[in-house]
Participant: 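Before we start, here is the structure in question, set down as structure tokens.
FYI, the numbering just counts along the sequence from 1. In each ligand, atom 1 is the first atom listed, and ligand 1 is the first ligand listed.
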Amino acid sequence: MLQVIGIDAAYGHARVLHDVSLELEEGEMLFIVGRNGAGKTTLLRTIMGLLRPLKGSIKFDGGDIAGLSPEELYHRGFRYVAQDKKVFGSLTVRENIEIAAYSSGEPLSRAVDKVLEIYPKMRDFLNLKAGQLSGGQRQILLIGQALVGTPRLLLIDEPTQGLAAVVINEIAKILKRLKGQLSAIIVEQNLPLVTKLADKVVVLKEGKVIATLREASEICNTDLLEKSL
Ligand SMILES: Nc1ncnc2c1ncn2[C@@H]1O[C@H](COP(=O)(O)OP(=O)(O)OP(=O)(O)O)[C@@H](O)[C@H]1O
Ligand SMILES: [Mg+2]
């Protein structure tokens with residue numbers, strides 16, 4: 001469904017991605033791993049249309065999408081959950097969900113249900129200011145918002161970063177439930193979680209893909225993954 005073919009991306013003169021390619025089939029969950037500064041976020045931002053590749057192409061359902069705006073891609077079902085986990089802190093949780101409902105054209109009640117389906121406890125927080133949520137709850141709210149409308153491709157940047165083990169388990173459960181229902185590209189440094197959920201793993205180093213793991217036997221081998229980082 002998605003093909004990234006030989007893309008380069010840069011901030012000004014600083015080239016960050018070099019000839020990056022990856023392929024995602026419908027319903028697959030692909031993880032991107034790599035050290036800090038490897039270019040993981042830049043790759044997600046480029047796929048989401050926030051950064052235009054200098055070369056190469058990005059195809060979705062067979063058509064070239066490089067150059068389309070994030071808004072156009074949103075309407076095609078792209079959903080980006082950024083690394084900074086930003087919510088509208090002075091608005092309530094319900095109002096945050098309302099923004100996703102408005103953007104996607106989905107009725108608010110259905111949008112709220114989608115968030116509650118992945119995390120029933122959010123019902124108690126609907127009228128709370130989103131700024132009062134914990135980091136983990138915020139992350140879950142953002143994933144829930146990404147499910148509003150008709151998502152086809154989730155791009156999630158480090159969903160478990162900085163979270164406690166209990167919350168990481170909660171998020172892992174949510175991702176496990178989504179597996180197979182949606183296509184997803186997830187940046188993640190938590191290798192046990194990656195090996196549990198990944199259909200494919202792309203290892204980025206200094207802006208280049210140095211390994212693509214497709215076989216379960218390779219993906220389950222955290223030693224192999226650690227070595228490639
Ligand atoms: N807005 C920007 N302007 C200039 N350089 C940037 C910008 N954002 C990132 N970079 C640089 O691009 C490189 C890749 O950054 P990127 O954020 O994609 O890495 P990352 O793999 O996501 O790292 P992390 O694990 O820390 O999130 C780094 O050298 C970074 O300093
Ligand atoms: Mg990053």
Participant: Donor-acceptor pairs under 3.5 Å, side chain of residues 204-217 to any protein atom, not counting sequence neighbours: which ones?
Facilitator:
none

Participant: By residue and atom, what protein N/O/S atoms are less than 2.8 Å from the Mg ion (ligand 2)?
Facilitator: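 Counting only protein N, O or S atoms under 2.8 Å from the Mg ion (ligand 2), the list reads Thr41 OG1, Gln83 OE1.
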Participant: Every pair of nitrogen or oxygen atoms between ligand 1 and the protein that is under 3.5 angstrom apart - can you list them with their distances to 0.1 Å?
Facilitator:
from     : atom 1 : to    : atom 2 : distance (Å)
ligand 1 : 18 (O) : Thr42 : N      : 2.9
ligand 1 : 18 (O) : Thr42 : OG1    : 2.5
ligand 1 : 19 (O) : Gly39 : N      : 3.3
ligand 1 : 21 (O) : Ala38 : N      : 3.1
ligand 1 : 21 (O) : Gly39 : N      : 3.0
ligand 1 : 21 (O) : Lys40 : N      : 2.9
ligand 1 : 21 (O) : Lys40 : NZ     : 2.8
ligand 1 : 22 (O) : Thr41 : N      : 2.9
ligand 1 : 22 (O) : Thr41 : OG1    : 2.8
ligand 1 : 23 (O) : Gly37 : N      : 2.8
ligand 1 : 25 (O) : Asn36 : OD1    : 3.1
ligand 1 : 25 (O) : Lys40 : NZ     : 2.7
ligand 1 : 27 (O) : Gln83 : OE1    : 3.1
ligand 1 : 27 (O) : Gln83 : NE2    : 2.9

Participant: Answer yes or no: is there a donor N or O on one side and an acceptor on the other, between the side chain of Arg138 and the main chain of Gly131, under 3.5 Å?
Facilitator: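 Judged by distance alone, yes, a pair lies under 3.5 Å.
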Participant: What are the two closest heavy atoms between Gln145 and Val115, and how far apart are they?
Facilitator: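 Result for this residue pair: N-CG2, 4.2 Å.
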Participant: Examine distances only and state if a side-chain atom of Lys85 and a backbone atom of Gly135 form a donor-acceptor pair shorter than 3.5 Å.
Facilitator: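 No.
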Participant: Is the NZ or CZ atom of Arg79 positioned over Tyr74's six-membered ring, under 6.0 angstrom from the centre and within 45° of the axis?
Facilitator: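 Cation-pi check for Arg79 and Tyr74: passes.
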Participant: Between side-chain atoms of residues 48-56 and protein atoms elsewhere (two or more places apart, or another chain), which donor-acceptor pairs fall under 3.5 Å?
Facilitator:
from  : atom 1 : to    : atom 2 : distance (Å)
Lys55 : NZ     : Gly6  : O      : 2.9
Lys55 : NZ     : Asp19 : OD1    : 3.4

Participant: Within a radius of less than 6.0 Å around NZ of Lys179, do more than 12 heavy atoms belonging to other residues, nucleotides or ligands occur?
Facilitator: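 Yes, because the 6.0 Å sphere around NZ of Lys179 holds more than 12 heavy atoms from other groups.
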Participant: Return the minimal non-hydrogen interatomic distance between Val4 and Val20, and the atom names on each side.
Facilitator: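 Looking at all heavy atoms of both residues, the closest pair is CG1-O, 3.5 Å.
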Participant: Would you call Glu106 and Lys114 a salt bridge, using N to O less than 4.0 angstrom?
Facilitator: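 A salt bridge links Glu106 with Lys114.
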